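This is a predicted model, so every value here is computed, not measured. Every number for a ligand or one of its atoms is a count from 1 in the order of the listing. Every heavy atom of this structure was used, including side-chain atoms; hydrogens, water molecules and symmetry mates were not.
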Amino acid sequence: MATKRKKQPAAKTASAHPVVKVAILGFGTVGSSVARVLAASKVPGLQLTHIFNRNVERKRNSDAARVVPGTVVWTESFDDILRSDVDVVVELMGGLTPAEGWMRKALAAGKSVVTANKQLIAYRGPSLAKLAALHNVHLVHGAAVAGGVPVIPGMLQGLGGDQVTRLSGIVNGTCNYILSRMEAGADYATVLADAQQLGYAESDPSADVDGYDARAKLCILSRIAMHAELDPDAVATQTISTIEAIDFSYAKELNCTIRQVSRAELNGKLMHARVAPMLVPLTSPMAWSHGTQNMVVVSGRFGGDVVFSGHGAGGEPTAVAVVSDLLAVAQGCSSVQLPVRKREVTGDFFAPHYLRFVVDDKPGIVSAISGALTKVGANIDSLLQRRGYPKHRLPFVVTAEPCLTSTIEQALASIARMDCMLERPLCLQMLEVEDKAE
Ligand SMILES: NC(=O)c1ccc[n+]([C@@H]2O[C@H](COP(=O)([O-])OP(=O)(O)OC[C@H]3O[C@@H](n4cnc5c(N)ncnc54)[C@H](OP(=O)(O)O)[C@@H]3O)[C@@H](O)[C@H]2O)c1
């Protein structure tokens, strides 16, 4: 006997609504650029109907508001948006609160959500996606990683058929701006001040320079590329603020430069993931990425390496990603969505390491360092010492052959206690073309 299949309702799309009505939440850098792109491109099928912001009169009277059609309703009440016939809420306020609660209300009210909020998606993405599915609406966040670089849609649409085993990239434009200017000779404090003046860095830059922004993005990328759900707080981070000019000199001698790299590699059930300044070979595409550019290299079992690069931030590049997401929602979002699994995470990688020491020079220091490394099973590969530094404050570098980062850290714990050490030793992973997690 033939059984009757229960009909699945189609997600709300342009076919249900010839014109998709859009509300922007947050008329700041990205929100105002989305309004500008929508107005300039006259994107068919999308109509901006509402703009929400606190103290909204200030926004309505700003220069950025000039492009906004007179028909748009400006409001500082989120309930106005909920009660309206808006189809898609574009969340561009940032942060977890109140954005999370409001997005839940919007989804529960049958409105799709487009957001560029990496913290929201890194920490709450899976549960928001479930809520969206429950209410048969869409949650799309292509702008949450790498701004205008379509790495998320590229992975969803173009790489869904591969088995991605690892990814690495530069996903924080502020750190890339700082480190690529340091590579050209500037010092950290000057470049950070410039970055703050140019609006690339916050007055409290720790989310960028200490790696928290990048690790949220790494978690989102790992979820999409490797279907792995990671706890962002469990991902190892290392600040770029301890990098000095001398490190770029030594890196150059090793045919490398230094970048903040976010990397993840799935090994069985364990995810190796880390956000840290690393030595990057000058031949790697990551070394060619300067200023606020972003770059992500995705390695698939069948398709090999795919590189995404471009403007990782900025109002207009990010607005392009948001408007592209809006179009995807309007057309029914047919991207590949595979189930994700929770994964344990470790910051350990099997890699060569760069170790920089600053010592009050005395005989026997190198053999003591070598002894501490040998004791844990690590081997020195090379020793670099530039001329011209005083013996009482001598910076020099040891590179170690590939081993686990935890092995090196074990040796460094005892090396750091040596009387001659004037600073905490700096330990950086060195990227190789073929390094593997163990
Ligand atoms: N900027 C970029 O290049 C970029 C790139 C990729 C992703 N993103 C993401 O895009 C989102 C927006 O970034 P943005 O740079 O456009 O930020 P922004 O310039 O600070 O804009 C945020 C806007 O939201 C408003 N807002 C914040 N909290 C609010 C609240 N509780 N109630 C009402 N209005 C509120 C702000 O109003 P006030 O003016 O009153 O503060 C401001 O107008 C963030 O999630 C960010 O991570 C940004």
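The two atoms that bring V209 and C175 nearest to each other are CA-SG, 3.8 Å, heavy atoms only. When all heavy atoms of I220 and A144 are compared, the pair lying nearest together is CD1-CB, 4.2 Å.
For ligand 1, the atoms closer than 4.0 angstrom to any heavy atom of A313 are 3 (O). Contact atoms of ligand 1 toward N117: 45 (O) (distance under 4.0 Å to a heavy atom of the residue). Less than 4.0 angstrom separates some heavy atom of A143 from each of these atoms of ligand 1: 6 (C), 7 (C). Listed by number with element, the atoms of ligand 1 under 4.0 angstrom from any heavy atom of F27 are 43 (O).
For the pair R263 and F349, the cation-pi test (distance below 6.0 Å, angle within 45°) is passed.
Proximity of V140 to V88: side-chain heavy atoms (C-beta onward) are nowhere separated by under 4.5 Å. With a 4.5 Å cut-off on side-chain heavy atoms, L355 and P425 do not count as touching. Put simply, the side chain of L384 reaches to within 4.5 Å of the side chain of L254, judged on heavy atoms. For the pair H141 and L120, the minimum side-chain heavy-atom distance is 4.5 Å or more.
Within the structure, the closest approach of R58 to ligand 1 falls below 4.0 Å when heavy atoms are considered. Not a single heavy atom of F78 sits closer than 4.0 Å to an atom of ligand 1. Not a single heavy atom of N55 sits closer than 4.0 Å to an atom of ligand 1.
Contacts of P98 with ligand 1, taken as heavy-atom pairs under 4.0 Å, involve the side chain alone. Only the side chain of T318 comes within 4.0 Å of ligand 1, judged by heavy-atom distances. Of all the heavy atoms of E76, none lies under 4.0 Å from any atom of ligand 1, so neither backbone nor side chain is involved.
Closer than 4.0 Å to atom 45 (O) of ligand 1 lies at least one heavy atom of the protein. Within 4.0 Å of atom 19 (O) of ligand 1, at least one protein heavy atom is present.
Y354 and D247 share a donor-acceptor pair across their side chains, judged by distance under 3.5 Å alone. No side-chain N or O of Y389 forms a donor-acceptor pair with one of R393 less than 3.5 Å apart. Counting only N and O atoms by type, the side chains of R104 and S127 include a donor and acceptor under 3.5 Å apart. In this model, no donor atom of one side chain and acceptor atom of the other lie less than 3.5 Å apart for S299 and T165.
Checking only distances, V30 does come within under 3.5 Å of ligand 1, N or O to N or O. An N or O contact shorter than 3.5 Å links G314 to ligand 1 by distance. For ligand 1, the polar-atom distance check against T29 finds a nitrogen or oxygen pair separated by under 3.5 Å.
By the neighbour-count criterion of 12 heavy atoms within 6.0 Å, atom CZ of R58 is densely surrounded, having more than that number from other residues, nucleotides or ligands.
When only non-hydrogen protein atoms are considered, atom 39 (O) of ligand 1 lies nearest to K59 NZ, 2.9 Å. Of the protein's heavy atoms, N53 ND2, 3.0 Å lies nearest to atom 37 (O) of ligand 1. Of the protein's non-hydrogen atoms, G26 CA, 3.3 Å is the one closest to atom 24 (O) of ligand 1. Of the protein's non-hydrogen atoms, the one nearest atom 41 (O) of ligand 1 is R54 NH2, 2.8 Å. Taking atom 21 (O) of ligand 1 as the reference point, the nearest protein heavy-atom neighbour is G28 CA, 3.3 Å. Taking atom 47 (O) of ligand 1 as the reference point, the nearest protein heavy-atom neighbour is K118 NZ, 3.0 Å. Here the heavy atom of the protein found nearest to atom 7 (C) of ligand 1 is A116 O, 3.5 Å.
In this structure, D162 contributes its side chain and R301 its backbone to a donor-acceptor pair below 3.5 Å.
Under the 30°/60° scheme for interplanar angles, the aromatic rings of F27 and W74 are found to stand perpendicular.
Considering each of T97, V322, L92, the one bringing a non-hydrogen atom nearest atom 11 (C) of ligand 1 is L92.
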